[in-house]
Amino acid sequence: MKNFDAIVVGGGHAGIEAMRSLSARGLKTALVTMDAKKIGAMSCNPAIGGVAKSHMVFEVDALGGWMGFAADSTAIQSRRLNMRKGPAVRSTRVQCDKLRYASLMVERAKSQENLQIIESELKRILFAETPSGKQIVEGVELADASKIYSKVVIVTAGTFMQAIMFCGQDKKVGGRFGDKAADGLSSSFLEAGHSLKRLKTGTPPRLKASSIDFSILERQWGDPEQRRFSWKEPAQRLPQISCFMTYTNERTHDIIRANFDQSPLFSGEIVGDGPRYCPSIEDKVKRFADRDKHQIFLEPEGLDLDTIYPNGMSTCLPQNVQLEYMRSIVGLEKVELARPGYAVEYDSMNPTELTPALMSKYVEGLFFAGQVNRTSGYEEAAAQGLWAGINAGNFVLDLDFEAPDRTRSYMETLVDDLVTKGTEEPYRMFTSRSEYRLLLREDNAYERMSSLGSRLGLVSEEHKKSYELKAAEVSALKAKMLESRIKVTKDKAPSLFEYLKRPEVCWEDLAPRLGDGSKEPTDYAIEAIEIDAKYSGYLCRIEAEVSNLRSGLSVRIPPTFDFQNVPSLSNEAKDKMNQQKPQTIGDLSKLSGITPSAVLAVLKALE
Amino acid sequence: MRAGQPIIGCATALGGPLAVLRLSGSGLKSRFFELFSVDLEPRKAHYSKVAGADNSVVLYFEGPNSFTGEDVIEIQAHGVPSILASIENAFLSKGAQKALPGEFSFRAVLNNKMTLVEAEALNTALSDNSLNVEWAKELVGVSKFAQVKSAELLGSAVSSLSKARGRVEASIDYPEAEAEQEEDVAAAAKILTDASNSLQRLMSSVENFSRGSKDESTLLILGEPNVGKSTLLNILSGGDRALVSAEAGTTRDYIDTTFRGPGGEKIRILDTAGLRFGADVGAVETAGVSRALDLISEVDGVILLSKATEALVALPQNIEAKIKALSLPVLKLYSHADRASSPVDASFDFVNKPEQVSNFVFDWLSKKEVFDSKKEKSMSNGFWVSKRQALLIEDAIENINEAMMSLTEQRPLELCGNSLTSSEKSLRAAMGEGLSEDYIGEIFSQFCLGK
């Protein structure tokens, strides 16, 4: 009989961060996965990051997670997005060599202390009932009928539960190309009282690079400077490659339209809801019929791979149709498919049946993280895996659960959205989902997470030191800029820092004035100074709001206070508050479904 | 929230000969049929003994075709308090509950029979003490129309705002579609300008409306110094409000007096310091002219007072133009009739025959065609919003303007996005809605996005 502190089911992006955060705190962890060689596999887009997603990668890294470092080490193209739209929405996106990414993860997992990898399918989760009638988790039963026990089980089954793959008329049981499905889990959860919903996701075909005529296509280079997600610099960087762009055309669309009846999406074969922000190409052609072309990015999947990932061409039309319409595209006239595109339909959990710690409301000790909670994206999965891992660890160590703080990170905004509002389709993070997005930036991820990371013991000394050095550099630079002055007019000589606040002034204008033989400041420091100078005005307001929010928790609400009088509250919020009659702002903010802005509105009304 | 459960309340003020008791809830008929002596049929007037206490006319409306959307029973009972109490108790003992203030309207809103905004209009109309019955009825009728217009305007502002915000946010959250973005942002700027303008028009029109809706006429007395304006004011208001002395130029600035006319109507008169209309006017007088111009926007009519003994005086051009532009009714009056050799019509001796001038003025005021049509016009063209809404709309306008400024000044786009989000929240709150949880789905579904 094997005993562990924690069992993590599934070795995907959520599973990795969950098992890492548990084992790093000294908890004996088992990672149960169907295929140990596929830990960290990228099922779809071979890229990490993107708008709002990269923020979560930085946050995960700030808490000692692995995704950022793996992405940096295997990056073959790096781009920064939204550079001129504001520091808060600046994001990083890297394309990775997917084979190297996965093998790096496998290596790290193998050498991780306190971790045992068990390669096996799962028969079922083991539940028990306490004398008081409470349901708790006991462990799992493997395919060979052997059992392993633990205090917590984190399920990160991704798209594998009762999964069926669709490609035209072909139906196959399986969670991913080449993999089986996980069939033992759904019934366990249903028995425990959970409700499941069928969701759908899709992936494009993979094209043989050797069959594509790149010479006539537009090239897209990455940024010359490679942005780093992680605090740690990888031992070496991979050579950079370029991507290519092409477009569908009317002929492509005609072929697709002529074959609508062959799509299991439209025939009703697939009942699961798919993400609206990641539609298949046949979806796009149907819904946006007036568009005469759709953009496609051709992304190499790895330095040693002959496969190209055509971004924007997710599909589940039959393979021969896929080939036909692909060949109608400029540059792809002679293309060969390495693998056809397909859709996967799978069972998903209802995240509103989970606590803010991502623990089941029905079974104590049972946690869920990742795509199984109705999200889409590796980064969303990693963030949840980390959050669930943190809370599962706290549960084992008899500590309080961490409450998600929307003012602190996208990771916590994600968790809060899922457990409070729920979702009926795959959830993807956007900057517009956070009302505090000005505060949640890539550049301040470590600052935001540092106290949590230190308290939980998830951040190594080396990591802390590297941050402290950076912070010291920034304050030294700021001090220097406050001392030096620039003569603007006869009687106006503001400090360089003050001068930088002007919208028309940028760092390059001032750099020569600082030159005195000292080292060139790092990009990190320059960016930090610019944001500080130019943005602090805008941040003041929201920072005041947040600190008001935080300090207002102990404000008492008079028992006769009528929430109907609070302007800009929704009717549901008013009813809930009048019903529950919270006595302090702190109590109010704990009510489910009450947003921070609602709390703020009440605070204001109380003044 | 006890929607559906039967409630009972008195819909009329106590003290009258008849009182209307009203019930609302689901399944009223089956619940309370024993309290009536006839079988209730929808939309029929019945004569029934009610609760063994009174013979009343009873109306039955079957939901959803009623004021609240639920079953409604209205009992026109005798207004004797003991009878009313005993009827009410009979219903209470059969499971009805006393209605809370506004609960009937609340249910009407819940059942989508009225919007929150209409309910507010009704509420305000009923609670405004300055309204007499006639005005209240008209106000409710007209305000319903006016606030339906407001609701339409708000609704269309919100959807424009949502579109603009969608474009800005999509441009941030989907930066890959670079080419279309500049168009998107330019389109957003245009949408915002239109939305801001229309909201500002709404707000200034609301001012007009609330003035028009007040059962009060505001007049401005214009005239050169010492023609007797203050005397006139005192005559009309029946008091010594204005400082009157033989010394020239005694009224400082302007005086604002409200009083009731002979018919009980409220009248408010603004008496300015004398304006010199002649050519050589000093700085002080010019200030007086601009003050008069400001006041003209606030009034319903103008009394132009001159001395009967002097030649006809023309108003300064700008004042005349503004009065014309606003189509304000003007009454020309002349004082010092006793000293004029051949006094024109409308000349009066203020000192010795004050009642003549006051009759003349009140007579003019009571001419409905003169005043009420103006009120009707301002109300029929006007919009109406409640105080709560006004605050939220002002907030929204401020945020939209900030968003537009951030676009023209090319500030980071995320700031624009944030301003637009605040603004949409305020507008939706004005409409009684929260920010839709699924706004992302809604706005992004307009665009072909996604990889």
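These figures come from a predicted structure and were not determined experimentally. Protein chains get the first letters and strands the later ones, always in sequence-line order, with residue 1 at the start of each.
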| Would one find more than 12 heavy atoms of other residues, nucleotides or ligands at under 6.0 Å from atom CD of B/E409? | yes

| Rounded to the nearest 0.5 Å, how far apart are CG of B/L415 and CZ of A/R437? | 8.5 Å

| query | Once you round to the nearest 0.5 Å, how far does SG of B/C416 lie from NZ of A/K85? | reply | 12.0 Å

| query | Which heavy atom in A/G86 sits nearest to a heavy atom in B/P412, and how many Å separate them? | reply | CA-CB, 3.3 Å

| task | Any chance you could measure B/D173, atom CG, to A/R428, atom CZ, to the nearest 0.5 Å? | result | 7.0 Å

| field | Side chains of A/L438 and B/N418 in contact at under 4.5 Å (non-hydrogen atoms) | value | yes

| query | Among A/T423, A/T431, A/L81, who wins on heavy-atom pairs under 4.5 Å with chain B? | reply | A/T431

| query | Is B/E414 salt-bridged to A/R441, going by a charged N under 4.0 Å from an acidic O? | reply | no

| request: Name the region of A/P87, side chain, backbone, both or neither, that has any atom closer than 4.5 Å to a heavy atom of chain B. | output: both

| task | Inspect the surroundings of CD in A/E530 and state if more than 12 heavy atoms from other residues, nucleotides or ligands are less than 6.0 Å away. | result | yes

